[in-house]
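Count residues from 1 along the sequence.
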Amino acid sequence: MEAEKDPYGRPWPDKEKLVPRTAADCIITRPSKSGFEVMLITRKKPGPSQGKHAFPGGHIDYNEDPKVAAVRELEEECGIKGCEPELFTVRGAPDRDDRYHMISIFYLVKLIDGTNQEPVAQDDAASASWYDVKEILAKPEIFAFDHHEVLSELIAKNDTYASIR
């Protein structure tokens with residue numbers, strides 16, 4: 001007998017697991033010759049979002065501050081040391097993640113000492129790299145979850161990126 005599905009086509013979890021999960025994600029940009037670049041990973045785990053681009057991040061561990069989780073996940077997935085996470089937005093629509101109900105806290109993160117670190121894919125990332133913001137925004141279909149919307153919101157709302165709107 002097939003498990004009952006929620007309104008989004010996902011199997012209902014056990015009653016003990018009905019609480020949404022939480023994640024902390026990092027948004028890191030840097031100036032480039034053509035405007036700005038953003039650091040993204042390509043998701044490695046099997047599922048509908050495998051091979052799609054996303055911000056580095058992941059689940060917040062029990063007894064862990066979300067800011068700490070964001071910086072930890074950045075280093076685990078990209079080998080990058082970040083600092084000074086600043087809250088950008090929170091997303092929690094029940095259908096935003098194809099795996100389960102996930103609430104994500106997005107932080108703007110700086111690189112330690114302003115260094116020009118190059119990401120190296122590790123942990124849950126198949127690849128990690130810098131991408132030209134204008135080019136990547138023109139390809140919403142290559143993003144996992146709602147990360148294209150989050151990047152679009154950042155560019156639209158932050159005067160730092162006025163030159164590439």
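- The two residues Cys26 and Val109 come nearest to each other via the heavy atoms SG-CG2, 3.7 Å.
- When all heavy atoms are compared, the tightest approach of Ile164 to Phe36 is CD1-CD1, 4.1 Å.
- Ion pairing between a basic and an acidic side chain is recognised when a charged N comes within 4.0 Å of a carboxylate O; Asp123 and Lys45 show no such pairing.
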Sequence neighbours excluded and cut-off under 3.5 Å, please list the side-chain donor-acceptor pairs for residues 128-142, or say none.
from	atom 1	to	atom 2	distance (Å)
Trp130	NE1	Gln117	O	3.2
Asp132	OD1	Ser34	OG	2.4
Asp132	OD2	Lys134	N	3.2
Asp132	OD2	Glu135	N	2.9

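- The nearest pair of heavy atoms linking Ala54 to Ala144 is CB-CB, 4.2 Å.
- Taking each heavy atom of Ala69 and Glu64 in turn, the nearest pair found is CB-OE1, 3.4 Å.
- Cluster annotation: Phe55 is connected to Leu154 through the hydrophobic network of ILVMFWY side chains, with a link wherever side-chain heavy atoms come within less than 4.5 Å.
- Put simply, the residue from Thr160, Leu108, Val38 that forms a side chain to side chain contact (heavy atoms under 4.5 Å, CB included) with Thr29 is Val38.
- The shortest side-chain heavy-atom distance between Glu149 and Phe143 does not fall under the 4.5 Å cut-off.
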Start with the C-alpha distance between Val71 and Glu84, add both sets of side-chain angles, then the distance that settles side chain to side chain contact (heavy atoms under 4.5 Å, CB included), and finish with yes or no. CA-CA 9 Å; Val71 173; Glu84 300 179 42; over 6 Å; no
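- Remark: Thr89 OG1 to Lys157 NZ distance equals 6.5 Å, nearest 0.5 Å.
- Taking the six-membered ring for Trp and thresholds of 30 and 60 degrees, Tyr100 and His59 have ring planes inclined between 30 and 60 degrees apart.
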How far apart are the C-alpha atoms of Phe145 and Lys52, what are their side-chain angles, what is the distance that settles it, and do they pass the side chain to side chain contact (heavy atoms under 4.5 Å, CB included) test? CA-CA 9 Å; Phe145 318 122; Lys52 301 263 184 174; over 6 Å; no
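- Pairs passing the salt bridge (Lys or Arg N to Asp or Glu O under 4.0 Å) check and including a residue from residues 94-108, sequence neighbours excluded, read Arg96-Asp146, Asp97-Arg99.
- Across every non-hydrogen atom of Ser104 and Met102, the tightest pair is OG-CG, 3.7 Å.
- Residue Ile155 is grouped with residue Phe88 when hydrophobic side chains (ILVMFWY) are merged at heavy-atom distances under 4.5 angstrom, including chains of intermediate members.
- Residues Ile28 and Leu87 fall within the same hydrophobic cluster, defined by Ile, Leu, Val, Met, Phe, Trp and Tyr side chains chained together at heavy-atom separations under 4.5 Å.
- By the salt bridge (charged side-chain N to carboxylate O under 4.0 Å, His left out) test, Lys44 is found to be paired with no residue, residues two or more places apart in sequence or in another chain being considered.
- Between Arg72 and Asp61, the closest side-chain pair of non-hydrogen atoms falls below 4.5 Å.
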Leu151 and Leu40: side chain to side chain contact (heavy atoms under 4.5 Å, CB included), yes or no, with the steps? CA-CA 11 Å; Leu151 182 58; Leu40 298 171; 5.5 Å; no
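- Side-chain contact between Asp25 and Tyr107 is absent, with no heavy-atom pair separated by less than 4.5 Å.
- Contact detail for Pro94 and Tyr8: the closest heavy-atom pair is CB-CE1, 3.5 Å.
- Just one residue in the list Glu75, Gln122, Glu118, Met39 forms a side chain to side chain contact (heavy atoms under 4.5 Å, CB included) with Ile80, and that residue is Met39.
- Using a 4.5 Å heavy-atom cutoff, the side chains of Ile60 and Lys67 are not in contact.
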